*Asks:* 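Submitted below is the structure of interest, expressed as structure tokens.
All ligand and atom numbering here is 1-based and tracks the order in the structure. All values derive from a computational prediction rather than experimental measurement.
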Amino acid sequence: MSIVVQKFGGTSVATPERIAHVAQRIVNRKRAGDQVVAVVSAMGKTTDSLIELARSVNPNPPAREMDTLLSTGEMVSMYVVAMAVNALGEEAISLSGRQIGLVTDAAHGNASIREIHADRITKALSEGRIVIVAGFQGIDGAGDITTLGRGGSDTTAVAIAAGINADVCEIYTDVNGVYTADPRIVPLAQKIDVISYEEMLEMAAAGAGVLHKRCVEFARNFGVVIHCRSSFNDEPGTLVKKMSEDMEKAIVSGVAHDMSEARVTIHDLPDNTGIAANVFGAMADAHLAVDMIIQNSSREGCADISFTTPKADLARTREVIERVAHELGASNVEILKQVAKVSIVGAGMKVNSGVAAKMFRTLANAGISITMISTSDIRTSVVIPADRAEEAVRVLHTAFGLDGSAVFEETQLSAEELEAKAKKGR
Ligand code: ADP
Ligand code: ASP
Ligand code: MG
């Protein structure tokens, strides 16, 4: 008997028919002799609709109320999935983030998990029940509802898998696994059979939204094996796990892109010691994320600082940065939304030189200009104009020999769902 955590994303529970299908999958697993916890996302585009609703009455809704509102999407899903499981003759119990004691910090909208009290889940499992958990939500120290950031149900699933010592965490989604690039952008992208935590972490951080970044961090820290696969078929998907040191490492395993960030530049900051500490300290105090950073060498005693940050928090970022820029005596703040980050990721980059140069050359040959660059051991990222992002991903995918022969074909999603996917992150 294995303990299995299964997570079903929004597309997988978008309609009553798909919920019935998901319930059948859960029940089949239980009847095969396993203990099953299912974590569910909000149905279809519910989260987007709730955000739109909130903004229609208040362009800058209070973070606490927003989180409580958004958490209802996952609550509806879990009740309905529990009912569908029950209709198939199995006993299911639905549990919210609060009920499973998923405690987070107080960073509304992007909370980090602090602890999880798994006893309620393990007790229900030992009583022979199937447990259905609402993803994406927790409670902070004050007992208020928090959410884990867009795509955060993946992280709920992996945190539970770690908490109950599950044998595997299966993330069911609307593609067959993790591909060498988003298959909706690169039809020649190939499914990856096995990928290391490190590479997956870089891919997720670089915008490969198929897995939430924090879920991969959690999985690595607690040794949880993730199986990312399709909820529409039984094909094996992608295993994310620890790889042995001697395994052959691809120089570039994938190309990722991220349209969700904006570039902020503070011009002409008087170049005193500690300006970066002041700017990024203020962002950190406001729980605002920062990704790539460039500080230009000073001219005439002044420096420019540019960084990328999620567009979703741009209203608050603008407030914080305009205040800090004023306090520090900068000349002005410029915010550019039409940017994209494109990254190549590969464990083999560590030992192969010239990979970054090849990336820059490939983009230059396509006439795509680069405004920021950042690197890690196994990743090189560039910021480019948003309208060139898809082309950049495709030319890099080809240049690094990742194109396969099979063309990705979407058969399961409606035209409306495909349009919603295409808009995601913009
Ligand atoms: P879910 O609602 O199931 O959590 P998501 O939309 O969050 O699904 O994630 C699945 C989507 O991730 C796919 O539909 C695909 O367009 C996108 N995606 C981006 N990069 C990749 C990649 N490298 N491999 C697979 N899918 C990717
Ligand atoms: N429903 C949330 C979202 O759309 C969380 C998730 O699906 O993982 O981002
Ligand atoms: Mg997701």
*Asks:* Quick one: does any side-chain atom of His212 pair with a main-chain N or O of Ser153 as donor and acceptor, under 3.5 Å?
*Replies:*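 Not a single qualifying donor-acceptor pair exists.
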
*Asks:* For Arg150, take its heavy atoms, then give the atoms of ligand 2 lying under 4.0 Å from any of them.
*Replies:*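 Listed by number with element: 3 (C), 4 (O), 9 (O).
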
*Asks:* Could Glu199 and Arg220 be called an ion pair, given the rule that one side-chain N must be under 4.0 Å from one carboxylate O?
*Replies:*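 Between Arg220 and Glu199 there is no salt bridge, as every charged N stays at least 4.0 Å from the carboxylate O atoms.
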
*Asks:* Against the six-membered ring of Tyr197, is Lys241 placed for a cation-pi contact (under 6.0 Å from the centre, within 45° of the normal)?
*Replies:*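 The answer is no; the distance or angle limit is not met.
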
*Asks:* Backbone or side chain, does any N or O of Thr47 fall under 3.5 Å from an N or O of ligand 2?
*Replies:*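 Among all N and O atoms of Thr47, at least one is under 3.5 Å from an N or O of ligand 2.
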
*Asks:* Assess whether a salt bridge exists between Asp291 and Arg263, defined as any Lys/Arg side-chain N lying under 4.0 Å from an Asp/Glu carboxylate O.
*Replies:*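 No, Asp291 and Arg263 are not salt-bridged.
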
*Asks:* Could a heavy atom of Gly151 be found less than 4.0 Å from some atom of ligand 1?
*Replies:*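 No heavy atom of Gly151 comes that close to ligand 1.
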
*Asks:* With heavy-atom distances below 4.0 Å as the criterion, list the atoms of ligand 1 near Gly177.
*Replies:* 24 (N), 25 (C)

*Asks:* So, regarding Gly10 and ligand 1 (criterion: nitrogen or oxygen to nitrogen or oxygen, under 3.5 Å), is there a contact or not?
*Replies:*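 Gly10 vs ligand 1: N/O contact under 3.5 Å present.
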
*Asks:* Between the side chains of Arg184 and Asp174, is the shortest nitrogen-to-carboxylate-oxygen separation below 4.0 Å, so that they form an ion pair?
*Replies:* yes

*Asks:* As a test of understanding, state which of Thr238, Val345, Val210 forms a side chain to side chain contact (heavy atoms under 4.5 Å, CB included) with Met200.
*Replies:*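 When Thr238, Val345, Val210 are each tested with Met200, the side chain to side chain contact (heavy atoms under 4.5 Å, CB included) holds only for Val210.
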
*Asks:* Regarding ligand 2, does Asp154 bring an N or O atom to under 3.5 Å of one of the ligand's N or O atoms?
*Replies:* no

*Asks:* Within the side chain of Lys311, is there an N or O that forms a donor-acceptor pair under 3.5 Å with the backbone of Lys337?
*Replies:* yes

*Asks:* Going by the closest heavy atom to atom 13 (C) of ligand 1, which one wins out of Val210, Thr11, Asp174?
*Replies:*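 The residue whose heavy atom sits nearest atom 13 (C) of ligand 1 is Asp174.
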
*Asks:* Would you call Glu90-Arg31 a salt bridge at under 4.0 Å N-O?
*Replies:*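 Yes.
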
*Asks:* Tell me which one of Lys7, Met43, Glu74, Lys45 gets a heavy atom nearest to atom 2 (C) of ligand 2.
*Replies:*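 Answer by nearest heavy atom: Glu74.
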
*Asks:* Which one holds for Thr173 and ligand 1: side chain close, backbone close, both close, or neither close, with close meaning a heavy atom under 4.0 Å?
*Replies:* both

*Asks:* List ligand 1 atoms under 4.0 Å from Lys421, heavy atoms only on the residue side.
*Replies:*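 So the atoms of ligand 1 that pass are 5 (P), 6 (O), 8 (O), 10 (C), 11 (C), 14 (O).
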
*Asks:* Got an N/O contact under 3.5 Å between Tyr179 and ligand 1?
*Replies:*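 Among all N and O atoms of Tyr179, at least one is under 3.5 Å from an N or O of ligand 1.
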
*Asks:* For Glu416, does the CD atom sit with more than 12 other heavy atoms under 6.0 Å from it, leaving out its own atoms?
*Replies:* no

*Asks:* Can you list the atoms of ligand 2 that are under 4.0 Å from a heavy atom of Ser41?
*Replies:*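 Atoms satisfying the 4.0 Å criterion: 6 (C), 7 (O), 8 (O).
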
*Asks:* May I ask you to check whether Tyr172 and Phe232 place their ring centers less than 6.0 Å from one another?
*Replies:*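 That pair fails the under 6.0 Å test.
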
*Asks:* Suppose I only count heavy atoms of Val178 and a 4.0 Å limit; which atoms of ligand 1 are within that range?
*Replies:* 24 (N)

*Asks:* Would you say Arg323 has more than 12 foreign heavy atoms packed within less than 6.0 Å of its CZ?
*Replies:* yes

*Asks:* Treating Arg379 as the side-chain partner and Met203 as the backbone partner, does any N or O pair qualify as donor plus acceptor under 3.5 Å?
*Replies:*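 Pair absent, no side-chain N/O of Arg379 close to backbone of Met203.
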
*Asks:* List every atom of ligand 1 that sits less than 4.0 Å from any heavy atom of Gly209, numbering the atoms from 1 in the order shown and giving each element.
*Replies:*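 Answer for ligand 1: 7 (O), 9 (O), 19 (C).
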
*Asks:* Would you mind listing which atoms of ligand 2 come within a distance below 4.0 Å of any non-hydrogen atom of Gly151?
*Replies:* 3 (C), 5 (C), 6 (C), 8 (O), 9 (O)

*Asks:* Is it true that Gly152 lies under 4.0 Å from ligand 2, counting heavy atoms only?
*Replies:*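 Yes, Gly152 has heavy atoms under 4.0 Å from ligand 2.
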
*Asks:* Does an N or O anywhere in Lys7 fall below 3.5 Å from an N or O of ligand 1?
*Replies:*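 N/O-N/O distance below 3.5 Å exists for this pair.
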
*Asks:* Under a 4.0 Å heavy-atom limit, does His212 contact ligand 2 with its side chain, its backbone, both, or neither?
*Replies:*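 It is neither part, as no heavy atom is under 4.0 Å.
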
*Asks:* Below 4.0 Å, non-hydrogen atoms only: which portion of Ala181 touches ligand 1? Side chain, backbone, both or neither.
*Replies:*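 It is the backbone that touches ligand 1; the side chain stays farther off.
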
